[in-house]
Number of protein chains: 2
Amino acid sequence: MASTASTRQPPPTATPELSSSSGRSATEARSLKVHSEAERRRRERINGHLATLRRMMPDASQMDKATLLSSVVSQVRHLKRKAAETATQPLTPVPPEANEITVRCYTAGSDDRTTCIRATVSCDDRPGLFTGLAGAFRGLGLRTLRAELASLGGRAHHVFVLCNEDGDVGAGPRALERTVWQALAQVAFPETAFGGTSWSKRQRILDAGCSLMYSLRAEI
Amino acid sequence: MASTASTRQPPPTATPELSSSSGRSATEARSLKVHSEAERRRRERINGHLATLRRMMPDASQMDKATLLSSVVSQVRHLKRKAAETATQPLTPVPPEANEITVRCYTAGSDDRTTCIRATVSCDDRPGLFTGLAGAFRGLGLRTLRAELASLGGRAHHVFVLCNEDGDVGAGPRALERTVWQALAQVAFPETAFGGTSWSKRQRILDAGCSLMYSLRAEI
DNA sequence: GCATACACGTGAGGC
DNA sequence: TGCCTCACGTGTATG
């Protein structure tokens with residue numbers, strides 16, 4: 001099934017016996033000719049666009065028409081969703097209502113030497129918050145590779161990607177995560193006395209006093 | 001041209017005179033029948049996908065097939081470009097090689113009371129740079145609304161959206177831009193003694209000494 | 001009448 | 001061989 005499709009040669013256009021011999025009047029025959037020619041032009045237009053689509057789709061050179069169109073349908077669906085997602089996500093999303101700090105430590109690159117940290121902070125915004133968070137990383141000897149911040153309606157959401165400057169994880173990734181988390185918590189929620197509240201496992205602590213939820217995720 | 005296309009009724013499937021009367025053997029006739037039926041199924045598959053595409057495209061209900069396909073081509077092109085743009089833009093792009101600080105002051109919202117500033121900084125990365133820039137805004141009484149930072153290969157690119165905390169532009173937007181620009185320059189390029197170099201107009205200064213280009217843009 | 005667009009059945013060629 | 005896909009010319013409907 002599915003012959004080469006795009007490289008197929010049409011048979012030499014067997015000219016429909018135009019004149020004489022058949023039970024056709026001359027005008028009938030000519031009108032039939034212009035008709036078939038118009039129809040061929042129509043086919044060429046359609047197949048031209050089909051060929052263009054084939055070139056635009058991945059691995060579509062051997063697909064038959066129906067399969068090609070079906071893949072176009074999926075591709076359009078996929079692209080539409082992707083465009084819609086990224087259109088609302090170019091910057092960090094609208095700051096969520098829940099207060100939350102997440103810290104995840106991972107190794108990037110082919111060698112497992114480069115340790116990266118992804119940290120997010122959602123909290124009430126206030127003057128100096130951003131500076132404070134940035135300073136916290138500096139104090140920990142972490143370099144900021146990427147950062148995104150959105151502030152809206154008194155709420156702020158931050159995303160940071162950091163790396164350990166000396167490439168040394170020290171006491172291990174879990175301990176590093178805990179340290180970062182505590183440093184961020186001190187800046188983001190200074191009013192809350194934060195001890196070493198149960199980092200050992202993923203947990204959610206509902207602080208009834210200020211109606212805040214602090215959650216700590218060891219994985220994502 | 002272009003009849004309703006999607007609501008067209010096929011003529012009642014004029015069954016090709018199957019048996020008898022024609023100069024066909026019975027097996028020939030039957031094979032011809034299964035052939036034409038297979039061909040119809042094939043057409044139905046293709047047209048089914050075309051109908052799906054028609055539903056997905058805007059205002060395509062009256063298009064003929066060729067026009068529909070041509071609009072699908074444009075749509076896919078458009079979506080691909082959009083997806084590619086936003087895919088590489090969710091974070092700030094790869095840090096450019098040229099050193100540059102841009103500051104633009106504008107009024108956001110329906111009322112012209114809210115003054116915003118968009119500032120970008122491209123420079124060599126170093127520990128504490130991010131903290132320094134964030135601190136510069138803090139020192140100027142500016143609140144950071146949005147921020148993006150990318151650091152790659154020793155280069156860093158920052159985008160900030162700020163607002164004046166007290167909503168007061170003070171000596172006017174141009175003066176504010178100048179102030180912000182100078183503060184950022186002091187952090188980003190401390191080795192360069194930066195005077196009040198010609199803010200008055202958009203300009204580019206090529207500093208031959210360190211092969212850096214500082215450009216200042218009053219508009220974007 | 002003319003132009004256009006569609007569905008159809010058929011022949012040809014590829015696995 | 002049979003099954004599949006394609007291009008073709010035709011009949012027919014619409015404007």
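Everything numeric here is computed off the predicted structure, so don't read it as measured data. Naming convention: chains lettered A, B, ... in sequence-line order (proteins, then strands); numbering from 1 in each chain.
- Of the side-chain N and O atoms in Asn47(B), one or more sit less than 4.0 angstrom from OP1 or OP2 of dA7(C).
- dG9(C) atom P lies 12 Å from atom CZ of Arg41(B), rounded to whole Å.
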Stepwise salt bridge (charged side-chain N to carboxylate O under 4.0 Å, His left out) check, Asp124(B) with Arg155(B): CA-CA 4 Å; Asp124(B) 282 337; Arg155(B) 296 285 303 173; 2.9 Å; yes

Throw together a table of side-chain donor-acceptor distances under 3.5 angstrom for residues 41-48 of chain A, partners on residues two or more places apart or in other chains.
| residue | atom | partner | partner atom | Å |
| --- | --- | --- | --- | --- |
| Arg42(A) | NH1 | Glu39(A) | OE2 | 3.0 |
| Asn47(A) | OD1 | Lys65(A) | NZ | 3.1 |
| Asn47(A) | ND2 | Arg43(A) | O | 3.4 |

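- In the interface, the side chain of His35(A) is paired with the base of dG11(D) through a donor and an acceptor atom under 3.5 Å apart.
- In this structure, Glu37(B) places its CD atom 15 Å from C1' of dG2(D), rounding to the nearest Å.
- With sequence neighbours left out, the side-chain contact (heavy atoms from CB on, under 4.5 Å) criterion links Ser71(A) to Met57(A), Met63(A), Leu68(A).
- Toward the 5′ end of DNA chain C lies the nearest nucleotide of Ser31(A), the other residue of the pair Ser31(A) and Ala66(B) mapping further downstream.
- As a whole-Å value, the separation of Arg42(A) CZ from dA7(C) P is 7 Å.
- The aromatic rings of Phe137(A) and Phe160(A) sit perpendicular to each other, their planes meeting at more than 60°, with 30° as the lower class boundary.
- Between Val34(A) and Glu44(B), the residue anchored closer to the 5' end of DNA chain C is Val34(A), taking for each the nucleotide with the nearest heavy atom.
- A side-chain donor-acceptor contact under 3.5 Å links His157(A) and Ser122(A).
- Here the C1' atom of nucleotide dC6(C) and the CG atom of Leu68(B) are 14 Å apart, to the nearest Å.
- Contact annotation: side chain of Glu39(B) to base of dC6(D), donor-acceptor pair present below 3.5 Å.
- Between the C1' atom of dT5(D) and the CD atom of Gln62(A) lies a distance of 13 Å, rounded to the nearest Å.
- Atoms CD1 (Ile46(A)) and C1' (dT4(C)) sit 12 Å apart, rounded to a whole Å.
- Rounded to whole Å, atom C1' of dT4(C) lies 14 Å from atom CZ of Arg43(A).
- In this entry the distance linking CZ of Arg40(B) with P of dT10(C) reads 11 Å, nearest Å.
- Nucleic acid contact class of Arg45(B) (heavy atoms, under 4.0 Å, all strands): sugar-phosphate only.
- A sub-4.0 Å separation between OP1 or OP2 of dG9(C) and a side-chain N or O of Lys33(B) is absent.
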